[in-house]
Protein chains: 2
Amino acid sequence: MSIIPLYRVDTPHPQAQACAACSVRGQSLFGALDRAGLDYIHASIDSIRLQPGKTLFEAGVRGAVLYTLREGIVRFERVTERGDRRIVRLAGRGDLIGQEVLLRRPYADDAVACTPAQLCRIPAHLVDGLCSQNPALVRELMLRWQRALEDSEAWLAELATGPARRRVLRLLHKLMAHTEADGRIWLPQRDEIGAMLNLTFETASRLISQFKREGLIELPDLRHARIDGPALQRALRVEDER
Amino acid sequence: MSIIPLYRVDTPHPQAQACAACSVRGQSLFGALDRAGLDYIHASIDSIRLQPGKTLFEAGVRGAVLYTLREGIVRFERVTERGDRRIVRLAGRGDLIGQEVLLRRPYADDAVACTPAQLCRIPAHLVDGLCSQNPALVRELMLRWQRALEDSEAWLAELATGPARRRVLRLLHKLMAHTEADGRIWLPQRDEIGAMLNLTFETASRLISQFKREGLIELPDLRHARIDGPALQRALRVEDER
DNA sequence: CGAGCCGTTGAGGGGATTCAAGCTCAGTGG
DNA sequence: CCACTGAGCTTGAATCCCCTCAACGGCTCG
């Protein structure tokens, strides 16, 4: 919960200090804000934690809040008319989640935590207010929309094309962008891989096992992998040159 | 080319009148503009015609113009690292094309006319200028970004999933949104269908022929189809309930 | 009239799915 | 303590759907 100051102080609000020191501030939406802007927002922003598998919001709901992802990975998924789940995009550190509420639109997808996640919960009206003052923020928002669009199109072009082996290799490549401090990457469950790449979980399992045998990856635990980067590059080259 | 007036007149500029009367004005980006706004923009906007197969711009290029599609269908495509062409989205009447230039970003995809197309060519700086005056325009822009994002995600979920028959049926369903005045829809070439649905052109051809035999569609000419709507709905139902 | 593009159709092969069984591991309760 | 259970992962065998390769026909253009 946020804290509401009862008296005027000269030092900035503690949450404002926290925002100013935030590890993802430079990459986040509010990176464009100055001290005064931070002072304005701090009181309304809550910090949220989410366990893997927990949903942040559901498609179709008209929400009034959006989120900045400080830590972890969140996936966007939707259920097709045929009834199967399809993961259409991932969000990582610094990404904005649920920006459609700024347009008074319902959430477009389910948003579900893939890993333990930490987020800032931001009321939509807060961003509305800041936008009218701050053109840089508007531009920042548009940039995020464009990035999300390009992500989605790249996903379609690169992760939904070609043989299964190539698709899983490309997924591993993409996941390397979210490498953790200790060099491990998040390895999705087999049925999640299936939902991302349009494969059955058996096929996903076969390929991950195969990569293990080939020495391309190793699994320190069930949810993480270490990837042999150069070997992955080579394997991708082989797939693409044919 | 645009015409620059040499003397001040009381009647609105002819192009401003054309804009005000534009058939897609209500759905277009500048639907949010008033008379004064239209007067401001008219002189810089050119009208463009494009034949099927002609490209409007290429991915990676840093352009300075964006477009409103007045008539026809334009596709966005990109070449995967493996080297095959993949169509990732379609634009129809009233859609905005190339808005990434507003962010000083290179075009994200190739844009190619699918049908004869008419567009308005809009210099990016023009929109920049209007945005600072006109909050409604900013909101309209954001809405378009969000719509494009949702289109792309829906494409991924609905057109890249399931057996080939279902994918082509869903494509026909989607194309019905662009039905022409006489009730015909644009029917892509077989290899275009392949590039949209990740199929070979042979498979696309087989399915279109099959639909013809089933009476689901008829082809008045090679590039157009008439669809039996209820039959299509039934066929989709059958596909989805299994 | 031949060349080239586009569409159609067939035959055969291959890669992913389907169906099925067995495995590990964490949690539960006797 | 350990059987029991269920969820997730792995692996095998058979099937099927789509791709590949190939031939052919219609159409437009030079």
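So that the names make sense, note that chain A is the first sequence line, chain B the second, and so on, each numbered from 1.
Here the P atom of nucleotide D/dC19 and the CG atom of B/D84 are 12 Å apart, to the nearest Å. Rounded to whole angstrom, the span from the CD1 atom of B/I217 across to the C1' atom of C/dT8 amounts to 14 Å. The nearest whole Å value for the distance from the CZ atom in B/R82 to the C1' atom in D/dC19 is 12 Å. At whole-Å resolution of the value, CG in B/D221 and P in D/dT28 are 11 Å apart. One interatomic measurement links the two molecules: CG of A/L222 to P of C/dC23, which rounds to 18 Å at whole-angstrom precision. Between the C1' atom of C/dA16 and the CG atom of A/D191 lies a distance of 17 Å, rounded to the nearest Å. Rounded to whole Å, the distance from CD on A/E239 to P on C/dG15 is 11 Å. In this entry the distance linking CZ of B/F201 with C1' of C/dT8 reads 10 Å, nearest Å.
The pair B/E218-B/K212 does not meet the salt-bridge criterion, since no charged nitrogen lies less than 4.0 angstrom from a carboxylate oxygen. Between B/R170 and B/E239 there is no salt bridge, since no side-chain nitrogen of the basic residue lies less than 4.0 Å from a carboxylate oxygen of the acidic one. Electrostatic pairing of A/K174 and A/E158 does not count as a salt bridge here, judged by no charged N lying under 4.0 Å from a carboxylate O. Salt bridge A/D240/A/R166: present, at least one basic N to carboxylate O contact under 4.0 Å. B/E214 and B/R234 are not joined by a salt bridge, as no carboxylate oxygen comes within less than 4.0 angstrom of a charged side-chain nitrogen.
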Can I get a per-line list of side-chain donor-acceptor pairs under 3.5 Å for residues 50-65 of chain A, giving both atom names and the distance, sequence neighbours left out?
from, atom 1, to, atom 2, distance (Å)
A/R62, NH1, A/R104, O, 2.9

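In terms of phosphate contacts, B/R223 brings no side-chain nitrogen or oxygen within less than 4.0 Å of OP1 or OP2 of D/dC27. For B/T200 and D/dC18, the shortest distance from a side-chain N or O to OP1 or OP2 is not below 4.0 Å.
Summarising the geometry, atom CG belonging to A/L171 is positioned 7.5 Å from atom CG belonging to A/L90; distances are rounded to the nearest 0.5 Å.
In the interface, the side chain of B/Q189 is not paired with the base of C/dC5 through any donor and acceptor atom under 3.5 Å apart.
Take the nearest nucleotide of DNA chain C for A/R165 and for A/E202: the residue whose nucleotide is more 5' is A/R165.
Using a 4.0 Å cut-off on heavy atoms, the residues of residues 204-214 of chain A that approach DNA chain D are A/S205, A/R206, A/S209, A/K212, A/R213, listed by number.
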